[in-house]
Amino acid sequence: MANAFTEFFKKSIPAPLVFSIFSGLVIGTSFGLSIPLILLSNSERVASYEEVAAVSMVEDALRLAGRSNSEEESFAYVTLPGVQKYDGPRLAQSMPIETKETWLSWMSRNRGDDPVFLEQRWNWAQNLVITSELKRPEDVRAFLLTPREHFVRAQNKGLEYADTWLPIGYGATITDPDVVSMMTTTLNVKPLDKVLEIGTGSGYQSAILSYLTKDVYTIEIIRPLFLETDALYRKLERNFPSFSVINRKLGDGYYGWEEYAPFDKIIVTCSIDHIPPPLLRQLSPGGIMVLPLGPPNRQYIMEIVKNEEADGSITLSRRDVYNGQSVKFIPFRDEGGVSYSTPVIE
Ligand code: SAH
């Protein structure tokens with residue numbers, strides 16, 4: 001895999017025009033100078049988080065903290081200091097994966113998975129290791145632990161481990177496993193990383209992340225979808241306690257999640273033709289962002305690394321992680337449903 005990565009780095013893959021324009025503004029300039037350039041008039045639009053509706057998954061904890069949850073929309077989910085967080089990465093490390101048999105017997109002893117799906121998940125993950133970028137042992141473990149069958153919605157029964165994206169209602173989709181594996185690999189999540197996902201959707205990507213770090217944050221803009229996935233996580237927490245570490249918020253992910261910034265890693269799972277400046281600001285120096293970047297009709301999966309130079313200036317490096325192949329993600333939209341990308345006239 002190291003070789004494949006080196007190859008990617010060596011190739012200079014043409015990126016979409018819009019990205020070139022963007023990078024021209026940023027790369028090689030100091031961060032302080034470049035951000036205002038990119039922001040232009042957007043700087044006034046940074047969300048007030050009071051405006052952004054949010055629902056907590058830990059009503060009890062909030063009550064303990066003396067905050068009523070009756071006004072569902074008045075606060076963001078709060079991670080309380082001192083509350084023990086379930087250690088998904090530790091569980092993942094303790095899981096034997098040498099053979100299918102040892103794995104199956106460990107899974108049936110330790111978890112509540114349906115055996116039929118366990119068998120399917122093992123075969124599917126093995127296939128992904130061969131056919132996709134899924135190679136890093138930590139990522140393979142996370143894929144093996146995450147019950148995709150619960151995140152694929154009922155109307156797609158039978159396709160839980162199919163190699164395709166699937167509709168999940170509200171015009172959203174659960175991402176193609178090949179693309180999930182590539183984006184997850186690119187993030188290179190370490191157990192102490194704080195990771196933000198934009199576009200919770202089905203909840204599958206954040207569920208994967210919860211086996212890679214205890215610090216997962218995810219934002220969804222479609223209210224009924226947010227509530228559905230929030231309820232799903234609550235339901236699954238009993239058998240899959242690592243989902244309890246997923247901090248989730250209903251709101252516009254364009255503005256990130258200021259209270260918890262900076263993030264070591266940011267994964268954007270909706271498409272946009274520029275990098276949202278607030279997300280760039282909320283990325284730690286040395287941090288990695290992965291996003292489907294490009295015009296509305298096609299995007300490229302880009303890795304953006306925010307580097308801090310010795311003189312304190314910030315530069316960005318970029319890489320097309322899908323080797324020039326284009327994808328089509330659900331649009332990154334605002335609360336009025338309008339895409340953040342400039343429409344394309346064909
Ligand atoms: N990561 C998801 C993929 C969901 S598809 C999964 O694993 O299933 C993309 C999602 O991005 C959709 O649910 C869409 O509603 C959401 N989205 C679009 N614009 C958004 C925004 N401004 N803020 C947060 N989420 C957004």
Side-chain angles (χ1 to χ4, degrees), residues 42 45-47 49 51-55 76-77 142-143 146-153 155-156 159-160 162 164-184 186-187 195-212 216-230 232-233 236 243 246-258 263 265-279 282 289-293 296 299 301 327-341:
N42 276 342
R45 299 183 55 206
V46 171
Y49 285 87
E51 281 170 20
V52 179
V55 178
Y77 167 68
F143 272 65
T146 308
R148 190 169 166 90
E149 61 273 22
H150 291 295
F151 297 98
V152 166
R153 303 311 203 224
Q155 68 266 29
N156 287 304
L159 295 173
E160 292 84 354
T164 177
W165 58 269
L166 295 164
I168 55 171
Y170 316 101
T173 56
I174 179 167
T175 311
D176 174 341
D178 184 40
V179 175
V180 177
S181 67
M182 195 162 37
M183 293 179 96
T184 308
T186 304
L187 283 182
V195 186
L196 173 67
E197 178 195 26
I198 309 303
T200 314
S202 69
Y204 181 67
Q205 177 72 62
S206 273
I208 295 252
L209 293 171
S210 76
Y211 292 113
L212 295 169
V216 184
Y217 298 79
T218 184
I219 307 176
E220 172 57 53
I221 200 165
I222 298 176
R223 185 184 171 82
L225 181 56
F226 170 83
L227 292 172
E228 192 178 303
T229 300
D230 180 60
L232 180 64
Y233 280 141
L236 294 176
F243 303 158
I246 303 169
N247 302 294
R248 37 209 193 250
K249 183 167 93 158
L250 173 63
D252 187 348
Y254 193 87
Y255 304 101
W257 199 336
E258 189 70 44
F263 298 95
K265 310 283 161 70
I266 298 180
I267 173 169
V268 179
T269 66
C270 36
S271 66
I272 190 157
D273 62 5
H274 61 280
I275 303 174
L279 294 184
Q282 291 176 26
M289 187 188 307
V290 60
L291 79 169
L293 195 62
Q299 301 90 42
I301 300 183
V327 289
K328 195 159 186 262
F329 269 75
I330 300 297
F332 203 138
R333 37 154 285 189
D334 67 15
E335 283 174 331
V338 179
S339 167
Y340 278 108
S341 301

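Along the sequence shown, residues carry numbers from 1. In listed order, ligands and their atoms are each counted from 1.
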Under 4.5 Å between any side-chain heavy atoms of Y254 and P277, yes or no?
yes
Using 0.5 Å steps for rounding, measure from the CD1 atom of I198 to the OG1 atom of T218.
7.0 Å
What are the two closest non-hydrogen atoms of F151 and S202, and how far apart are they?
CD2-O, 3.2 Å
Start with the C-alpha gap between L187 and L209, add the side-chain angles, then the distance that decides, and say whether side-chain contact (heavy atoms from CB on, under 4.5 Å) holds.
CA-CA 10 Å; L187 283 182; L209 293 171; 4.1 Å; yes
Of the listed options P292, G171, S202, closest to atom 6 (C) of ligand 1 (non-hydrogen atoms):
S202
Hey, could you give me the CG/CE distance between L196 and M289, rounded to the nearest 0.5 Å?
9.0 Å
Tell me the protein heavy atom at minimum distance from atom 9 (C) of ligand 1, and give that distance in Å.
T269 O, 3.1 Å
Going by heavy atoms, is T200 under 4.0 Å from ligand 1?
yes
Atom 1 (N) of ligand 1 [closest protein heavy-atom partner, distance rounded to 0.1 Å]
E197 OE2, 2.7 Å
Against ligand 1, does E335 come closer than 4.0 Å with any heavy atom?
no
With atoms numbered from 1 as shown, which atoms in ligand 1 lie under 4.0 angstrom from a non-hydrogen atom of L225?
13 (O)
Can you tell if the side chain of R148 reaches within under 4.5 Å of the side chain of Y204, non-hydrogen atoms only?
yes
How long is the span from the CD atom in Q205 to the OG1 atom in T146, to the nearest 0.5 Å?
9.5 Å
Report the nearest protein non-hydrogen atom to atom 7 (O) of ligand 1: residue, atom name, distance rounded to 0.1 Å.
Q205 N, 3.2 Å
Please list, in number order, the atoms of ligand 1 under 4.0 Å from a heavy atom of I222.
15 (O)
Who's the nearest protein heavy-atom neighbour of atom 19 (N) of ligand 1, and how far?
R333 N, 3.1 Å
Looking at atom 2 (C) of ligand 1, what's its closest protein heavy atom, distance included?
G199 O, 3.3 Å
Over all atoms of both residues, closest heavy-atom pair of G171 and I330
O-CD1, 2.9 Å
Restricting to non-hydrogen atoms, name the atom on T184 and the atom on L212 that form the minimum distance, rounded to 0.1 Å.
CG2-CD1, 3.8 Å
Nitrogen or oxygen atoms of T175 and ligand 1 under 3.5 Å apart:
no
Does I208 reach the side chain of F143, with side-chain heavy atoms less than 4.5 Å apart?
yes
Heteroatom proximity flag, F332 to ligand 1, N/O under 3.5 Å
no
Hey, does E220 come in under 3.5 Å of ligand 1, counting only N/O atoms on both sides?
yes
For atom 26 (C) of ligand 1, closest protein heavy-atom neighbour:
I221 CG2, 3.6 Å
What do we get for V180 next to ligand 1 when only non-hydrogen atoms under 4.0 Å count, side chain, backbone, both or neither?
neither
Under-4.0 Å heavy-atom contact with ligand 1, by part of A172 that carries it
side chain
Between the candidates V152, L166, T173, I174, which shows the shortest non-hydrogen contact distance to atom 3 (C) of ligand 1?
T173
Considering only heavy atoms of G251, which atoms of ligand 1 have at least one such atom less than 4.0 Å away?
23 (N), 24 (C)
At a 4.0 Å threshold, what atoms of ligand 1 neighbour a non-hydrogen atom of D252?
21 (C), 22 (N), 23 (N)
With nothing but distance in play, are any N or O atoms of G253 less than 3.5 Å from an N or O of ligand 1?
yes
C270 neighbourhood, listing ligand 1 atoms whose heavy-atom distance to it stays under 4.0 Å:
11 (O), 17 (N), 18 (C), 19 (N), 20 (C), 26 (C)
Below 4.0 Å from ligand 1: does a non-hydrogen atom of P331 turn up there or not?
yes
To the nearest 0.5 Å, what is the distance between CD1 (I221) and CG (D334)?
6.5 Å
List for me each residue that meets salt bridge (charged side-chain N to carboxylate O under 4.0 Å, His left out) alongside E160, sequence neighbours excluded, and say none if there are none.
none
Geometry only, no angles: is Y340 polar-contacting ligand 1 at N/O separations under 3.5 Å?
no
Let me see the working for T173 and K328 under side-chain contact (heavy atoms from CB on, under 4.5 Å), right down to the final yes or no.
CA-CA 11 Å; T173 56; K328 195 159 186 262; over 6 Å; no
Can the ring centres of H274 and F332 be said to be less than 6.0 Å apart?
no
